[in-house]
J.: 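What follows is a single structure, and I will ask about it in a moment.
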Amino acid sequence: MRSYRTLLRTPEYTPFLLSFAAHAAAQTVAGLALATLVYRSTGSPLLSAVSMFGPQLAQLLGAAFLLSGADRLPPRAILTVISLAFAAGTAVLALPGLPLWAVFAVLLLQGLVASLGGGVRGGLMNEILPKGGYVLGRSVFNMLWGLIQITGFAAGGALLTLLSPRQCLLLAAACYVASALVNHLGLTPRPPRSAGRPSLSATWRTNALLWSSRPRRLAYLGLWVPNGLIVGSDSLYVSYAPSAAGTMYACGALGMFVGDLTIGRLVPPALRPRLATPLRLLLAVPYLFFFLRPSVALSVLAVTVASVGFAASLVLQERLMSLTPDELAGQALGLHTTGMVALQGVGAVLAGTLAQLTSPATAMTLMAAASTAVTVTLFTLDERHGPQDGHHGPLDGAHGPDDVSSDLTEPRQARG
């Protein structure tokens, strides 16, 4: 599938995108509003960064207990529930006088709920789209996320000059409700991809199997660590340039949009695998110059160029899907999403701590240096062991696609 027209004519793909757009808009506006609210009340770069990205750490806990639900729960119902839960939590965050500990308690609960979202959406998109359409469909999904961030952060910055952060949080809660309505009205009820109840043991067994393959491990680490370290730098925009943070986030989203458009639509499939490392390096290198404390204009330019490198995730997700059987696609993508956002949360905490001890500019530079070092290390490991491991089969181990279901779940019947 190489045509946007064909893609958008695929049944359910458009409402799938619209529901995600409303959810992403709410997340963008709420994140900026809450970070601003916390920074105004505490003056702490660390707490501001953690309020915006720290909830992603909670997804690690959610992944340990809930991730098997990505393939074992009906997708339309669970996506609707997730959006409604976020609406309720965001409305609570807008309450005046809410103590800081209660703010972070709500964010913890939202992170637990969100741990299911990435896997459910990824698995559902894999079902909606025909074979061969995943990369183009995912690139449009990512570009939409970029556009929502551009408009969301720009609009959020403008709204914060007209409204209070708490009023912006209430607007975000309304967007979450809209997302739930689109999910319920626009998507077809589907049975779970796998039988059995979600459980801790099923989650851990499947995660262990997914992690057992060296090529998949390297793909996961490439998706998680360089990205998470750079998002740590991103989390410092509010403390680095308070008056221009919305512009920096919006231009970063613009760079992401350009990268996803290029990789998803313009780069030939045969060339994509070669771009994973160059794109991850592009993601980090422009941030190395922040130790010079560039002007706002140069900072915005560096952020825009660097964010093109986020398109490396498309290349690595395509590799991950080629190594994973269809019946595990939801949990495999959920593990990717959970690990990615958890490492982003770790990056935000680490960057915020470094900024407290040094300065936001120094912390951003150090995070970029660490991301560059990780990318070079992963490239070396992949080159050293790639020929032996290869990227040939979905399981790369003792399990084949025919016996994986019996090893990972209770007895079940095949789903037609």
Side-chain angles (χ1 to χ4, degrees), residues 21-58 82-111 113-114 145 148-180 231-253 296 300 303 341 344-345 348-349 351-352 355-356 360:
H23 191 96
Q27 184 177 341
T28 303
V29 173
L32 184 58
L34 186 62
T36 302
L37 183 65
V38 170
Y39 188 66
R40 287 179 183 176
S41 62
T42 66
S44 170
L46 173 59
L47 292 177
S48 175
V50 171
S51 70
M52 194 167 190
F53 294 96
Q56 297 166 347
L57 286 170
I82 288 171
S83 292
L84 290 176
F86 266 82
T90 305
V92 171
L93 291 173
L95 293 174
L98 193 69
L100 195 61
W101 67 264
V103 170
F104 285 102
V106 171
L107 294 176
L108 172 65
L109 293 174
Q110 285 186 327
V113 172
W145 172 231
I148 293 296
Q149 286 189 306
I150 293 169
T151 56
F153 282 125
L159 286 171
L160 285 170
T161 66
L162 301 173
L163 304 173
S164 71
R166 288 187 174 87
Q167 289 172 321
C168 291
L169 287 170
L170 290 175
L171 286 176
C175 288
Y176 282 127
V177 172
S179 175
V231 170
S233 294
D234 294 355
S235 73
L236 298 176
Y237 292 168
V238 172
S239 54
Y240 176 78
S243 62
T247 301
M248 293 178 73
Y249 281 119
C251 289
V296 170
V300 167
V303 165
V341 298
Q344 288 175 358
V349 172
Q356 288 279 121

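Note that the structure is predicted; figures quoted are calculated from it, not measured. Here, residue 1 is the first one in the sequence, and each next residue gets the next number.
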J.: Checking T90 now: which residues fulfil side chain to side chain donor-acceptor pair (under 3.5 Å) with it, not counting sequence neighbours?
T.: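 Listed in chain order: Q110.
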
J.: I'd like to know if the side chain of Y249 reaches the main chain of D234, judged simply by a donor and an acceptor atom lying under 3.5 Å from each other, with no hydrogens or angles considered.
T.: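 Present.
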
J.: Mind listing the closest non-hydrogen atom pair of S83 and S179 along with its distance?
T.: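 Smallest heavy-atom distance, with atoms named: OG-OG, 3.1 Å.
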
J.: Can I get a per-line list of side-chain donor-acceptor pairs under 3.5 Å for residues 100-107, giving both atom names and the distance, sequence neighbours left out?
T.:
none

J.: Using every non-hydrogen atom in the two residues, find where G252 and V303 come nearest and quote the distance to one decimal.
T.: CA-CG1, 3.6 Å

J.: Can you tell me how far OG of S164 sits from CG of L159, rounded to the nearest 0.5 angstrom?
T.: 10.5 Å

J.: If I take atom CG from residue L95 and atom CG from residue L169, how far apart are they, to the nearest 0.5 angstrom?
T.: 10.0 Å

J.: At their closest point, which heavy atom of V300 faces which heavy atom of C251, and how far apart are they?
T.: CG1-SG, 3.4 Å

J.: Are the side chains of T247 and V296 in contact, using a 4.5 Å heavy-atom criterion?
T.: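 Of all side-chain heavy-atom pairs linking T247 with V296, none is under 4.5 Å.
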
J.: Where is the tightest heavy-atom contact between I148 and A25, given as atom of each residue plus distance?
T.: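 So the two residues come closest at CG2-N, 3.3 Å.
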
J.: Please name all residues satisfying side chain to side chain contact (heavy atoms under 4.5 Å, CB included) with S44, sequence neighbours left out, ordered by chain then number.
T.: T42, L46, L47, Q356

J.: Just how far is it from atom CE of M248 to atom CG of L236, taken to the nearest 0.5 Å?
T.: 9.5 Å

J.: Grab the two heavy atoms, one from S233 and one from A351, that are nearest each other, plus how far apart they are.
T.: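 Minimum heavy-atom contact is N-CB, 4.3 Å.
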
J.: Which residues pass the ring pair (Phe, Tyr, Trp, His ring centres under 6.0 Å) test with Y176, sequence neighbours left out?
T.: H23, F86

J.: Could you pull out all residues at least two apart from V29 that satisfy side chain to side chain contact (heavy atoms under 4.5 Å, CB included)?
T.: C168

J.: Taking only distance into account, with no hydrogens and no angle test, what donor-acceptor pairs under 3.5 Å do side-chain atoms of residues 30-40 form with protein atoms, sequence neighbours excluded?
T.:
| unit_1 | atom_1 | unit_2 | atom_2 | d |
| --- | --- | --- | --- | --- |
| T36 | OG1 | L32 | O | 2.8 |

